[in-house]
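The structure under discussion appears below in the form of structure tokens.
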Amino acid sequence: SGVPYDLRQLVRGFEPADPRLDTGTVLRLLEGSRPQWPVAEIRRVLGALDQVRFGASGGGGDVAPLIEDAARLARQLGGGA
């Protein structure tokens, strides 16, 4: 995909973050079980990652800020990166 962060990396430690689940399902699970997490920001970053990953971003934009956002969120949530 070219983007080194995916759903599992961003929400590492969140047990229901099974790679077979779609982003929307994981976000709904997060809202119910991790209300203290910045779910709106996670939704924004994961949505943008999905667009890049599945080619819906309109092509070739600068993904560096998105990667930085994902890394910062991963650190904030205790996922390293």
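None of the values given here were measured: they were computed from a predicted structure. Along the sequence shown, residues carry numbers from 1. FYI, side chains are in, hydrogens and waters are out, and symmetry mates aren't considered; it's all heavy atoms of this structure.
Contact between Arg44 and Asp69 at its shortest, heavy atoms only, is NH2-OD2, 3.0 Å. Nearest heavy atoms, Val39 versus Arg34: CG2-O, 4.0 Å.
The CG atom of Leu46 lies 8.0 Å from the CG atom of Leu73; values are rounded to the nearest 0.5 Å. We find the CG-CG distance between Leu66 and Leu49 to be 4.5 Å, quoted to the nearest 0.5 Å.
Leu30 has its side chain out of reach of Arg43: every pair of non-hydrogen atoms, C-beta onward, lies at least 4.5 Å apart.
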